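Notes for the one structure printed next.
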Amino acid sequence: MTLSALDSALLGPLFATDAMRAVFADEARVAAMLRAEAALARAQSAAGLVPAALSPAIDAIAAKDLDPAALGRRTAVSGVPVIPFVKAVQGALPPDLEPAFHKATTTQDIADTALVLQVRDALDLVAADLRAILDGLSSLARQHRETPCVGRTYGQHAAPVTFGFKAAIWALGVAEVAALLPALRERVLTASLGGPVGTLAGLGETAEAVGDGFAAALGLHPDLAPWHARRARIAETGSWLALLMGALAKFATDVAHLATTEVAEVAEPYVPGRGGSSAMPHKRNPVSSTVILSAFGAAKGTSLTLLDSMAAAHERPAGAWHAEWHALPTLFGLASGALREARGLAQGLVPDPERMRRNIDVTRGLLFADAAAGRLSPVLGAKAAHALVEQAAGAVRDGQGSLAEVLRARPETAGADLDAAFDLGPAIRAGARTADRALAEISRLAAFLHSA
């Protein structure tokens, strides 16, 4: 039995990647705790507090040898996995080293530092997917910078844009969130070492040196004061993941609509057997968009758990910290599936420029109403021009002809350059210019992804 779709053998492959699930697997968590303990022993040895042999002895212990399932059964009694973990490691160490193990630290130091090590690996996976997504969408935007298509507001045809403009907007939304990643990494990739109540009293005057050495051994930042009960960095990580999935959901929302039968301006990449129906053999449902939208739907509520955990009582709370264990790995799992699907869409989306062009004509020229009003304003005045075009639009909807035909039949339009109003050129050039500006900003915001 499974209680999470992400861990399900049946549903898990749909919603999360194997690579991300491996990062947060039980054995990976135990291995991260071992790395934290070995780094602590190394730093304490440098300060003359523990034998030099302790750190290599810890390094020699394999995570699988500690039996995560057995640790889990004992965790149900102890309330935290570090307590049975410490006892298991002590039992695996030579007797002369066992008293020095886990010296002056506390459960939360090891659990939080191990989590940060896992988060670092997880963020590396996220960054790789972001790089591919932005590269794919940017290429799509460049390729179609002058491909005209319908611009839509409130679900209605509004005015012409270009498909490259749309793709650039998708990419810019993702890039704006991606640009927050370096600062997030700076804050969250911080070692936790405070001891029982955060003062490291057990290390005396060596506390600062040990803390710095501990962090350095793990390639993490040291912290000036314990973050046992300062949980903003964890909440920020979860919120950032939710924001990222929201940016991907914007992309997926548009793709799902553009792929509908009546619109048919794009198609998701074809994969044999994907998107079918058990009842309707002809179906090609937008599976990638569906996975992305479902991830975002689940992420919002999950991220609130991490915000609630910021209300941590005193030096260590009851329950709030434990609640994070449910939420943060889940958010990374959801993000991994959304990123995988967005990557596939960005690299393989199939636009249909001919259908886009035909859809421009569906409303018989109404997409050019704003341009027509602009052309009539010098002749009639802005207010009268707007009213006239609005009336003409009603006539078009009543089947009395195209907007150009209806307007030309009105005596008020004599002398106005209506041909220019129905020229796609200005809209194409404007869409291309905006796409180019967006692409330049994307390159600036996401440069760190290619330099990492």
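Small disclaimer: the values here were computed from a predicted structure and weren't measured.
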**Message:** Within the 4.5 Å heavy-atom criterion, are Phe368 and Pro160 side-chain neighbours or not?
**Reply:** yes
**Item:** Pair Val379-Thr413, side chain to side chain contact (heavy atoms under 4.5 Å, CB included): steps then yes or no
**Value:** CA-CA 8 Å; Val379 178; Thr413 65; over 6 Å; no
**Request:** Kindly check if the number of other-residue, nucleotide or ligand heavy atoms within 6.0 Å of CD (Glu412) is above 12?
**Result:** yes
**Asked** Given His157 and Leu366, is the side chain to side chain contact (heavy atoms under 4.5 Å, CB included) satisfied, shown in steps?
**Response** CA-CA 8 Å; His157 285 209; Leu366 291 184; over 6 Å; no
**Fill in**
Between the CZ atom in Arg408 and the CG atom in Leu403, the distance rounded to the nearest 0.5 Å is 9.5 Å
**Asked** Do you know which two heavy atoms are closest between Arg343 and Ala128, and how far apart they sit?
**Response** NH1-O, 4.0 Å
**Request:** May I ask you to decide if Ala191's main-chain N or O and Trp227's side chain share a donor-acceptor pair within less than 3.5 Å?
**Result:** yes
**Minimum heavy-atom distance between Val396 and Arg364, given as atom pair plus value** = O-NH2, 2.6 Å
**Request:** Just do the salt bridge (Lys or Arg N to Asp or Glu O under 4.0 Å) check on Arg152 and Glu265 with the steps written out, would you?
**Result:** CA-CA 13 Å; Arg152 297 172 173 87; Glu265 293 182 6; 2.9 Å; yes
**Request:** Without swapping roles, check the side chain of Arg230 against the backbone of Ala225 for a donor-acceptor pair under 3.5 Å.
**Result:** yes
**Asked** Any donor and acceptor pair, going by atom type alone, linking the side chain of Ser303 with main-chain N or O of Lys300 inside 3.5 Å?
**Response** yes
**Request:** Could you go through the salt bridge (Lys or Arg N to Asp or Glu O under 4.0 Å) check for Asp59 and Arg42 one step at a time?
**Result:** CA-CA 11 Å; Asp59 285 332; Arg42 194 170 296 117; 3.1 Å; yes
**Request:** In sequence, state the C-alpha distance, the side-chain angles, and the governing distance for Asp254 and Trp170, and then conclude on side chain to side chain donor-acceptor pair (under 3.5 Å).
**Result:** CA-CA 9 Å; Asp254 285 353; Trp170 296 335; 2.8 Å; yes
**Request:** May I ask you to decide if Leu439's main-chain N or O and Ser443's side chain share a donor-acceptor pair within less than 3.5 Å?
**Result:** yes
**Request:** Give the minimum heavy-atom separation between Ile234 and Leu306, together with the two atoms involved.
**Result:** O-CD1, 3.7 Å
**Request:** Considering non-hydrogen atoms only, spot the tightest contact between Ala295 and Leu334 and give its length.
**Result:** CB-O, 3.7 Å
**Request:** Compare all side-chain heavy atoms of Leu248 with those of Glu341 and state whether any distance is below 4.5 angstrom.
**Result:** no
**Item:** 4.5 Å side-chain heavy-atom contact, Ser289 and Thr253
**Value:** no
**Asked** Just one of Thr113, Thr106, Val116, Leu220 clears the side-chain contact (heavy atoms from CB on, under 4.5 Å) bar with Ser192, so which one?
**Response** Thr113
**Request:** For the pair Gln108 (side chain) and His228 (backbone), establish whether a donor and an acceptor sit closer than 3.5 Å, ignoring hydrogens and angles.
**Result:** yes
**Prompt:** So, Arg375 side chain and Ala371 main chain: donor-acceptor pair closer than 3.5 Å or not?
**Reply:** no
**Message:** Can you confirm whether Leu339 sits close enough to Ile133 that some side-chain heavy atom of one is under 4.5 Å from a side-chain heavy atom of the other?
**Reply:** yes
**Item:** Separation between CZ of Arg340 and CG of Leu345, rounded to the nearest 0.5 Å
**Value:** 11.5 Å
**Fill in**
One should read off an interatomic distance between Lys250 NZ and Ile292 CD1, to the nearest 0.5 angstrom, of 13.0 Å
**Item:** Atom pair CG (Leu130) and CG (Leu123), whose distance is rounded to the nearest 0.5 Å
**Value:** 10.0 Å
**Asked** Does any donor atom in the side chain of His450 or Asp135 lie under 3.5 Å from an acceptor atom in the other side chain?
**Response** yes
**Asked** When you measure from the side chain of Asp121 to the backbone N and O of Gln118, does any donor-acceptor pair fall under 3.5 Å?
**Response** no
**Prompt:** Any donor-acceptor pair under 3.5 Å linking the side chain of Ser139 with the backbone of Gly136?
**Reply:** no
**Request:** Please step through salt bridge (Lys or Arg N to Asp or Glu O under 4.0 Å) for the pair Arg231 and Asp308, ending with a clear verdict.
**Result:** CA-CA 10 Å; Arg231 309 308 289 180; Asp308 285 343; over 6 Å; no
**Message:** When you compare the side chain of Trp325 with that of Leu115, does any pair of heavy atoms fall below 4.5 Å?
**Reply:** no
**Message:** Looking at every non-hydrogen atom in both residues, tell me the closest pair between Ala178 and Trp240 and how far apart they are.
**Reply:** CA-CZ2, 4.3 Å
**Asked** To the nearest 0.5 Å, what is the distance between CZ (Phe296) and CG (Leu244)?
**Response** 10.5 Å
**Item:** pair Val362-Asn359: side-chain heavy atoms closer than 4.5 Å
**Value:** yes
**Plane angle bin for Phe163 and His144 - parallel if under 30°, tilted between 30 and 60°, otherwise perpendicular** = perpendicular
**Asked** For the side chain of Arg21 and the backbone of Leu6, is there at least one donor-acceptor N/O pair under 3.5 Å apart?
**Response** yes
**Request:** Take Glu441 and Arg444, measure what salt bridge (Lys or Arg N to Asp or Glu O under 4.0 Å) needs, and give me the verdict at the end.
**Result:** CA-CA 5 Å; Glu441 179 67 358; Arg444 185 188 71 81; 2.7 Å; yes
**Message:** Would you say NE2 of His221 has more than 12 non-hydrogen atoms from neighbouring residues, nucleotides or ligands within 6.0 angstrom?
**Reply:** yes
**Prompt:** Where the side chain of Thr190 meets the backbone of Asp223, is there a donor-acceptor pair that is under 3.5 Å apart?
**Reply:** no
**Request:** For side chain to side chain contact (heavy atoms under 4.5 Å, CB included), just list the numbers for Asp124 and Arg185, CA-CA rounded to whole Å, side-chain angles, deciding distance to a tenth of an Å, and then say yes or no.
**Result:** CA-CA 10 Å; Asp124 288 343; Arg185 289 178 65 98; 3.1 Å; yes
**Side-chain heavy atoms of Val263 within contact of Val150, under 4.5 Å** = no
**Message:** Measuring from atom OG1 of Thr237 to atom CG of Leu331, what distance do you get when rounded to the nearest 0.5 angstrom?
**Reply:** 10.0 Å
**Prompt:** Got Leu34 and Leu66 here, is their nearest side-chain heavy-atom distance under 4.5 Å?
**Reply:** yes
**Prompt:** Of all heavy-atom pairs between Ala312 and Pro317, which one has the smallest distance, and what is that distance?
**Reply:** CB-CG, 3.7 Å
**Message:** Working note: Leu328 + Val119, criterion side chain to side chain contact (heavy atoms under 4.5 Å, CB included); need CA distance, chi angles, decisive distance, verdict.
**Reply:** CA-CA 9 Å; Leu328 192 60; Val119 166; 4.0 Å; yes
